[in-house]
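Notes follow the structure.
Whatever order the structure lists them in is the order used to number ligands and atoms, beginning at 1. When reading the values below, keep in mind they use all heavy atoms of this one structure, side chains included, and skip hydrogens, waters and symmetry mates.
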Amino acid sequence: MAHVWRGVVHEYINRLPVDDNDEIVTLAEGGTALVRSADLSEQLHADVYIKVEGMNPTGSFKDRGMTMAMTKVKSSGTQIVACASTGNTSASAAAYAGAAGLECAVILPAGKIAAGKIAQAIVHGAQLVAVDGNFDDCLRIVRQLTEKYPVALVNSVNPYRLQGQKTAAFEIVDTLGDAPDIHVLPVGNAGNISAYWMGYCEYAGKKTASTFEESWKSEKPVATKVPQMWGVQAQGAAPFIAGHPIDNPETVATAIRIGNPASWDYAVAARDDSHGNITCVSDKQILHAQARLAAKTGIFVEPASAASVAGLLQHHERGHVPEGATIVCTVTGNGLKDTATALGDRDVNPAVIAPRLEEAVVALGL
Ligand code: F0G
């Protein structure tokens, strides 16, 4: 019988901090496709794979961490969860809170969330608060809120989030047979790069600063090596390039419009210990990569996700991509969440014709 995917906690339970009495809250997240891009592989003379995280139940990688975090909140007996978000965390938290029978409060930067993500939070039943400020302001408020009130924080500063997110690295190794040479991904609040690094290290039998003793059961190594971690930021929101937090982050990739990343130290460790790098790309490069990935590989991602591909292309232009390397690019969220940005000023009204073949032939110029 075909294997039925049961969600990341069940699939990787030996490597996660799950207790016997935890009731696992899952929407069967994970098990996402790793698609080889012929277009990118050909241009780079390398093997380029795309880890399609938009295939998760709420359309982003956040679901991997949310299954773990929400499972633990449920066991703790706390009734309300809260998060700050640029959109995807709130969509995921709202869905998983609903599944767990918990209330969900989300604190968002006013006017800076893609419409699809707002719709998700509302339809999944969360209570929304918009702040006249950016994500960093929202995270500060939600941290204070969860310190003073009986409300559980489900941002990635909740360590269970990274535990769940590390499973994406496991899946990649399980699919490829070993770790890739290079892993490229967008960096915003810096939780995901930290989680991937933890996952790759644990699979190679190494610990990192963010490894949980509780989940470190010294399972046998699966991978013989770890990849270089190549993080990519948006130029207007690139604190790791500046070397310090920045005050007014601005980018078309609203998901990574963050100036003061919470997982700063873990991300720097991932970059340095893997002999990798964190670079930045312009909004124009991001939109170009988004369009190219959709048109030539067949994968529609949101702008923040396209930053990884834009960063990889920039490294290639600079001659930094070794020929023949195995490279994985994580694309973190589904393009359908933010169609307005993807369409930009493109004409979305095709010519209307009478319902006759000849007219269609003329309209298509055949
Ligand atoms: N890509 C997407 C689509 C995201 O939504 C995020 C973060 C990132 C990349 C960056 O990941 O923060 O772990 O470095 N979104 C958060 C949110 C901040 O609230 O949804 P990171």
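- If you look at Ile258 next to ligand 1, the close heavy atoms, those under 4.0 Å, all belong to the side chain.
- Listed by atom number, the atoms of ligand 1 under 4.0 Å from Asn88 heavy atoms are 2 (C), 3 (C), 4 (C), 5 (O), 20 (O).
- By the 4.0 Å heavy-atom criterion, Ala190 is counted among the residues contacting ligand 1.
- The aromatic rings of His320 and His315 are tilted relative to each other, their planes meeting at an angle between 30° and 60°.
- Contact annotation: for Ile193 versus ligand 1, there are no heavy atoms closer than 4.0 Å.
- Within 6.0 Å of the CG atom in Asp19, the count of heavy atoms belonging to other residues, nucleotides or ligands exceeds 12.
- Ranking protein heavy atoms by distance to atom 18 (C) of ligand 1, first place goes to Thr86 OG1, 3.4 Å.
- Each of the following atoms of ligand 1 lies closer than 4.0 Å to a heavy atom of Ser85: 17 (C), 19 (O), 20 (O).
- Of all atoms in ligand 1, numbered sequentially from 1 with element shown, those under 4.0 Å from a heavy atom of Glu302 are 3 (C).
- Close contacts between ligand 1 and Ile256 involve ligand atoms 8 (C), 9 (C), 10 (C) [criterion: under 4.0 Å to a heavy atom].
- For ligand 1, the polar-atom distance check against Lys117 finds no nitrogen or oxygen pair separated by under 3.5 Å.
- Taking distance alone, with nitrogen or oxygen atoms compared against 3.5 Å, Lys62 approaches ligand 1 more closely than that limit.
- For atom 11 (O) of ligand 1, the closest non-hydrogen atom on the protein side is Phe61 CZ, 3.5 Å.
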If you look only at distance, which donor and acceptor atoms sit under 3.5 Å apart when one is on a side chain in residues 266-274 and the other is two or more places apart or in another chain?
residue: Ser274; atom: OG; partner: Met229; partner atom: N; Å: 2.9
residue: Ser274; atom: OG; partner: Ala270; partner atom: O; Å: 2.7
residue: Ser274; atom: OG; partner: Arg271; partner atom: O; Å: 3.3
residue: Ser274; atom: OG; partner: Gly276; partner atom: N; Å: 3.3

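- Heavy-atom proximity to Gly191, at under 4.0 Å, picks out these atoms of ligand 1: 13 (O), 14 (O), 21 (P).
- A donor-acceptor contact closer than 3.5 angstrom links the side chains of Arg64 and Thr32.
- In this structure, of Thr89, Asn334, Val187, Val106, the residue bringing a heavy atom nearest to atom 17 (C) of ligand 1 is Thr89.
- Those atoms of ligand 1 that come under 4.0 Å of a heavy atom in Asn189, given as number and element, are 12 (O), 14 (O), 21 (P).
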